[in-house]
Amino acid sequence: MKNRNFLLATCLIWAMSISAQMSDAARRVHEKLQAFVASGEYNVSQGRVVTSDAITGGKATAYDFSQVFSVEGTNDATMLFPHMKELEQTLCSEAVHAKEVMMHDAQEGTPLASGVRWLFGNPKGVVSGKYVFGIRQNIRLLSFDESDGHRYAVLLVWEQQIKKDQQVGDIWMMNGTIFEIAAKKHDDMPFLMPYSERQNMTATIKYDTDPTAPQTYDELLAKVKQTCHIYDRETSGGKTAAVVILHKMCDGYPNKLTQEQYNTLIGILSPYAETASGQKHKEMFGYTCYTLYKKSEHYQAEGGEVKRRPAMITSSTISTTQLRKIVSYNGLIMNGSEDLQQVDCQISGTAPTDADSITVQRTVSSFEELGKFPVRNGRFSFTCRLPKDEVCRLSTDNRYYTYFWADGQPVKADLQKRSVKSQKASQKRNNFLNEVEAERLRMLKIENQTELDAAIAKQRERYRQVIFQGNDDLLRTYAIYKAYTELTYDELKPFLSNRFRYANHLLMAPVKEYVAGLEKRRPGKHYEDMLLADTLGNAHQLKEYIGKGYVVLHFWESWNRDEFDILPQLRTLYDQYHAKGLQIVSLVIDGNNTKSWKERLKEEKLAWPQLATNAAKNAYGIYSWPETVVIGPDGTIVASPSTMQELEAELKKIFKTD
């Protein structure tokens, strides 16, 4: 029923070389972007893939950057370092050659569009990504139409502000992201389109209020200790995530600290400002200490006017004028499981003879690179330290890859065959990883819908057998991660209890988010009102449609067809039960694409209300589609069916039909 991991999973194969397909204008932009990344200005990252499509080779790569530094009396509204300034100037100069252009400076007020969405179309559907603009961001967006049927775009967004600080003077804060997007054009589908939901996707120095922030000192102390413990054992990416989360929780702590409380916390954190892994992490710990200092009685005792440096930043390596990395990158994950360990893994095997290196990646955190090792004459052998009981990937430029469990057992891999050999205890798990990946790749090539449905059902049943009939909890965790959107609330809930050994495993993080969404539409809860819009752009509220009998909310996307399209079944149910009091309200969640939506409605000629909303996730925890929610005449949620069969059964029960 739903658009799930089975078909639109994170893509692993790139079929396109960006640089070979660029026009001169696009190439000039690309070269300036690569020069900026190579320069390391603003602690710019090396890039992470945020959206990809294995069928067409479409890919969007994000480069995050942020920096904090002291400045002395500048009136320059845009203070850019050389390479970023060249990139920004190049975007402006190449605008004349671009198909789409958006230039906005923060001082001009609210951007014309609230955000942008990119779409990679293929015969099986659409893969999309989005970015929502912040109200203080400068925006440079250009897209180019290439002659060989491809599109190329660069989106540069950054926020900058000066923060007055009585201790060190003016602090300049710079924070932003660059998206490089390339894809093959598909029919008349738009490559870029406006996006309107207000949801800031980038971290900034002033975090939004965090409802999970510690509310008491004891809770703060416990979380600081736990997060520092996690930092000690994590990978590089996990360490960065830990220190960002640490700063966020300290910044969100709402109370003042006594001198004793402050001294205790600083006693834990200040050593990390000297010993943390790398200068960036030292600086981040240093600023976290400074954040706590400004919440302490030390700061209060002086009326908020700091006349001396606090103890935790007297170090010669961590002075306030050297503070740099305070905010960090999107999508970071740290493993909060108490029993996480690092293990040495001996890895050997064969790769294509033209490969010169092999990369070890942590799959759960957007393929974070854990190490890169040489390949000689098609062979490799090395030992590396990896997070225990996590899924890792061996890869050569994403062309050839294979998966394995990092459990400390020796691994022998054949990348061309996508297989690994290991000791008996590990072999079953490793076989499962690579077999389901091979099934996924085969499904991408199936053209016949009946055959595809059968393959999806077969893989779904395979996951269920591991989850409910298997005896390997670690393999069960992976199967839940791959199939959780196909499981019910009651099926998932036991695995989130601490009685399940791997409830806090990284693979369970999205499962927890999904179940939290299901909680919002549990039977017995009162419905949540939402702001809606019709095809003419007129505003409505959901409450206009509640209280007139039983209402089925249908959340969907207008491009959804094939096995993800339930409109035919809904039409049958509407014809069967409308006279008995059934109402249906379809709520499209891609209403920004008004042309596609209107064309689909004209084609379908549906008899019930058709509206758009951007509040589905917040109000009802809708993370996939299609979804249905049944609301009774009194506004109480009656059911949240996960399949059309369940919806049909619920309506039969409500209207007492056979």
Side-chain angles (χ1 to χ4, degrees), residues 1-4 7-8 123-126 448-450 452-454 456-457 485-486 521 523 527 530 532-536 538 540-613 616 619-620 622 624-633 637-658:
M1 174 179 175
K2 303 171 184 176
N3 188 356
R4 305 305 194 195
L7 194 57
L8 298 180
K124 296 183 181 298
V126 176
N448 181 275
Q449 190 59 51
T450 302
L452 179 60
D453 291 343
I456 291 174
T485 56
E486 297 294 331
R521 54 185 191 272
Y527 85 97
M530 294 187 295
L532 314 172
D534 60 26
T535 54
L536 299 176
N538 299 316
H540 298 267
Q541 288 181 282
L542 181 58
K543 65 182 181 182
E544 299 172 27
Y545 305 91
I546 304 299
K548 303 173 183 177
Y550 286 89
V551 178
V552 174
L553 302 184
H554 164 227
F555 297 93
W556 68 306
E557 283 207 330
S558 59
W559 60 266
N560 247 329
R561 295 182 184 270
D562 301 328
E563 73 272 24
F564 306 127
D565 182 9
I566 62 172
L567 287 179
Q569 296 99 310
L570 286 177
R571 185 181 281 109
T572 299
L573 292 175
Y574 185 81
D575 293 341
Q576 184 177 355
Y577 294 113
H578 178 58
K580 298 180 179 181
L582 175 67
Q583 307 293 329
I584 298 178
V585 178
S586 285
L587 302 172
V588 71
I589 57 178
D590 67 334
N592 296 303
N593 189 1
T594 54
K595 181 180 178 181
S596 170
W597 179 35
K598 290 179 180 179
E599 288 177 351
R600 183 72 187 277
L601 294 182
K602 185 178 180 180
E603 172 190 340
E604 297 288 350
K605 296 181 173 63
L606 300 170
W608 58 86
Q610 302 296 317
L611 300 145
T613 182
Y620 292 95
I622 303 297
S624 57
W625 54 86
E627 295 279 10
T628 58
V629 177
V630 183
I631 300 175
I637 295 176
V638 175
S640 181
S642 59
T643 65
M644 280 304 302
Q645 290 77 11
E646 290 182 15
L647 177 59
E648 291 171 5
E650 188 64 35
L651 295 180
K652 282 183 179 180
K653 184 171 65 175
I654 290 172
F655 295 107
K656 296 180 173 56
T657 59
D658 295 330

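Here, residue 1 is the first one in the sequence, and each next residue gets the next number.
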Take Q610 and V588 through the test side-chain contact (heavy atoms from CB on, under 4.5 Å) and record every step on the way to the result. CA-CA 8 Å; Q610 302 296 317; V588 71; over 6 Å; no
Where is the tightest heavy-atom contact between P609 and I584, given as atom of each residue plus distance? CD-O, 3.2 Å
Just wondering, do M530 and K543 contact through their side chains at under 4.5 Å, heavy atoms? no
Those residues that, when tested against K653, pass salt bridge (charged side-chain N to carboxylate O under 4.0 Å, His left out) (two or more places apart): E650
Residue pair Q583 / K548: nearest heavy atoms and the distance that separates them: CG-O, 3.8 Å
In Å, rounded to the nearest 0.5 Å, how long is the span from NE2 of H554 to CG of L573? 11.5 Å
Write down the atom of P641, the atom of E646, and the distance for their closest heavy-atom approach. CA-OE1, 3.6 Å
Can you name the closest pair of heavy atoms from K598 and T535 and give their distance? CE-O, 2.9 Å
Would you mind reporting whether Q576 and L582 have side-chain heavy atoms less than 4.5 Å apart? no
Has the side chain of E544 got a donor or acceptor atom that lies under 3.5 Å from a matching backbone atom of Q541? yes
Is there a side-chain contact between W608 and L570 in this structure, where contact means two heavy atoms from C-beta onward sitting under 4.5 Å apart? yes
Pairwise distance CG(L587) to OG1(T628) - rounded to 0.5 angstrom: 11.5 Å
Measuring only between side-chain heavy atoms, which start at C-beta, is H540 closer than 4.5 Å to V585? no
Can you confirm whether L553 sits close enough to Y620 that some side-chain heavy atom of one is under 4.5 Å from a side-chain heavy atom of the other? yes
Are any of the side-chain heavy atoms of V630 and I654 separated by less than 4.5 Å? yes
Name of the residue among V629, V551, I631 meeting side-chain contact (heavy atoms from CB on, under 4.5 Å) with Y527: I631
Between V638 and P523, the two heavy atoms sitting closest are O-CB, 3.5 Å
Y577 vs F655 aromatic rings, parallel, tilted or perpendicular, using cut-offs 30° and 60°? parallel
For a 4.5 angstrom cut-off between non-hydrogen side-chain atoms, does R521 reach E627? yes
Gap between atom CE of M644 and atom CD1 of I566 - 0.5 Å precision: 5.0 Å
Rounded distance [0.5 Å steps], CZ in R600 versus CG in L567: 5.5 Å
Taking all non-hydrogen atoms of both residues, which atom of A533 and which atom of W597 are closest, and how far apart? O-CH2, 3.9 Å
Quick one: are P633 and Y550 in side-chain contact, heavy atoms under 4.5 Å? yes
